[in-house]
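Have a look at the structure below, then the notes.
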Amino acid sequence: MPAPRKLPDAFFARPDVVTIAQELIGKYFFTSFDGILTGGMVVETEAYSGDNDAACHAHLGRRTKRTQIMYEHGGVAYVYLIYGIYSLFNIVTNTEGTADAVLIRAIEPTEGLEEMKLRRGLDKIETRLTAGPGLVTQALGISTHHNGTHLQGSEIWFEDHGKVIPEEEIVAGPRVGVAYAGADALLPWRFSLKGSKWVSKAKPKY
DNA sequence: AGTATGATCCAT
DNA sequence: TGGATCATACTG
């Protein structure tokens, strides 16, 4: 087993956001705040592809205060508040000027389980710990304050543990919560690890 | 300045 | 099936 290595900017700066979303399954996602390490293995992601994707916040080249971070060079965090309650964490991908991103929807927890349980307000470790995009951020202590954080720093980063996930172990399907996006809602841009109990329970509607 | 709406989650 | 709860984005 090779030593874990931090995923470099070059991993996220590639042009195909769908491939990046798929390859992130099996990688590791960590945060370290105040010396507390939390995180685990990525088991569910979604790709959002810039101005030609009706489900993407930057659809039709929309540039607002919220979306401007999406146009940065790959390798920084895009964190936004949804429904007034949950912070959703994305990785900006591709090069400067394009607005692609990958949403992290679920992880299999491996580090800091007790702390994550505490942050989530649960009394025992269960799949609700990190199975859902709003739950992952809560468990890892991520909020909108972390928007724009560089993923090579000491607070939020990804690692490759040399784990190889065969393609047949990855399930592709339509994204969750984007029914308003018309035909683009049908794109199979949600990826999850087959059989993992840590994948979110949410199901896309048509 | 007002308003509608969500890349969600959970209890009912 | 709806309520929580508010930043964002769009309208006038």
Side-chain angles (χ1 to χ4, degrees), chain A residues 12 17-22 24-25 29 42-72 74 76-94 98-107 109 116-149 156 171-192 196-206:
Chain A
F12 302 113
V17 66
V18 176
T19 296
I20 295 171
Q22 182 165 353
L24 277 168
I25 302 294
F29 179 31
V42 177
V43 297
E44 185 179 356
T45 62
E46 281 177 359
Y48 288 86
S49 182
D51 62 5
N52 51 358
D53 172 8
C56 182
H57 291 160
H59 182 44
L60 302 179
R62 261 181 17 196
R63 252 181 211 270
T64 65
K65 194 166 185 186
R66 180 174 70 157
T67 63
Q68 69 180 8
I69 195 70
M70 298 185 78
Y71 292 86
E72 292 297 307
V76 296
Y78 167 42
V79 188
Y80 69 94
L81 189 69
I82 188 71
Y83 300 113
I85 303 177
Y86 297 103
S87 295
L88 267 55
F89 175 89
N90 305 254
I91 308 154
V92 173
T93 69
N94 212 329
T98 63
D100 299 352
V102 176
L103 171 67
I104 302 298
R105 290 193 53 91
I107 69 170
M116 291 196 282
K117 190 184 75 174
L118 211 62
R119 287 173 179 162
R120 290 276 298 105
L122 301 174
D123 5 289
K124 61 185 181 67
I125 308 293
E126 49 184 306
T127 56
R128 283 164 58 201
L129 190 68
T130 52
L135 305 185
V136 169
T137 54
Q138 200 171 56
L140 299 216
I142 295 171
S143 75
T144 54
H145 296 119
H146 303 290
N147 189 47
T149 301
I156 310 176
V171 181
R175 295 169 292 180
V176 175
V178 298
Y180 60 84
D184 288 346
L186 302 177
L187 294 168
W189 287 0
R190 175 197 190 199
F191 299 98
S192 62
S196 172
K197 66 172 185 176
W198 298 100
V199 169
S200 78
K201 306 300 179 286
K203 289 200 170 56
K205 314 179 182 100
Y206 302 92

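Proteins come first, then strands; the chains are lettered A, B, ... in the order of their sequence lines, and each starts at number 1. In this text the structure is predicted, and so the values were computed from the model without any measurement.
Of the residues in residues 131-144 of chain A, A/Gly132, A/Pro133, A/Gly134, A/Leu135 come within less than 4.0 Å of DNA chain B through at least one heavy atom, sorted by number.
For residues 79-88 of chain A, the set of pairs meeting the side-chain hydrogen bond (donor to acceptor under 3.5 Å, both in side chains) definition, not counting sequence neighbours, is empty. Legend: side-chain hydrogen bond (donor to acceptor under 3.5 Å, both in side chains) pairs involving residues 132-145 of chain A, not counting sequence neighbours, sorted by first then second residue: A/Arg120-A/Gln138, A/Ser143-A/His145.
Partners of A/Leu187 under the side chain to side chain contact (heavy atoms under 4.5 Å, CB included) rule, at least two apart in sequence or in another chain, are A/Arg175, A/Asp184, A/Trp189. Applying the side-chain hydrogen bond (donor to acceptor under 3.5 Å, both in side chains) test to A/His146 and every residue at least two apart in sequence or in another chain returns nothing. For A/Lys124, the side chain to side chain contact (heavy atoms under 4.5 Å, CB included) partners at least two apart in sequence or on another chain are A/Glu126. In this structure, the side chain to side chain contact (heavy atoms under 4.5 Å, CB included) partners of A/Ser196, at least two apart in sequence or on a different chain, are A/Val43, A/Leu193, A/Trp198, A/Val199. The side chain to side chain contact (heavy atoms under 4.5 Å, CB included) test applied to A/Ala77 returns A/Val79, A/Phe89, A/Thr149, A/Leu151, not counting sequence neighbours.
Extent of DNA chain B lying under 4.0 Å from chain A heavy atoms, first and last nucleotide in 5' to 3' order, is B/dG6 to B/dC10.
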Please encode protein proximity along nucleotides 5-12 of chain C as a string of B, S and -, counting only heavy-atom distances under 4.0 Å.
BBSSSS--
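In terms of heavy-atom proximity, A/Lys117 sits nearest to A/Asp123 at NZ-O, 3.7 Å. Among all heavy-atom pairs drawn from A/Arg119 and A/Gly141, the shortest one is NH1-N, 3.5 Å.
Although no hydrogens or angles enter the test, the distance criterion places a donor-acceptor pair under 3.5 Å between the side chain of A/Glu46 and the main chain of A/Val176. No donor-acceptor distance shorter than 3.5 angstrom exists from the side chain of A/Ser200 to the backbone of A/Ala106, with no hydrogens or angles considered.
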How is the base pairing of DNA chain C summarised as a dot-bracket string, given the Watson-Crick and G-U wobble criteria with both distances under 3.5 Å, [ ] for crossing and | for another strand?
||||.||||||.
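For B/dT5 and C/dG2, the P atoms lie 15 Å apart once the distance is rounded to whole Å.
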Acceptor/donor pairs from residues 54-64 of chain A side chains to any protein atom, 3.5 angstrom cut, sequence neighbours excluded:
| residue | atom | partner | partner atom | Å |
| --- | --- | --- | --- | --- |
| A/His57 | ND1 | A/Tyr78 | OH | 2.7 |
| A/His59 | ND1 | A/Asp51 | O | 3.1 |
| A/His59 | ND1 | A/Asp53 | O | 3.3 |
| A/Arg62 | NH2 | A/His57 | O | 3.4 |
| A/Thr64 | OG1 | A/Arg66 | N | 3.3 |
| A/Thr64 | OG1 | A/Thr67 | N | 3.3 |
| A/Thr64 | OG1 | A/Thr67 | OG1 | 3.4 |

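A/Leu103 comes within contact range of at least one nucleobase, with a heavy-atom separation under 4.0 Å. Backbone-only contact: A/Arg120 has heavy atoms under 4.0 Å from sugar-phosphate atoms and none from a base.
Among A/Ile91, A/Val17, A/Asp100, the single residue meeting the side chain to side chain contact (heavy atoms under 4.5 Å, CB included) criterion with A/Phe12 is A/Ile91.
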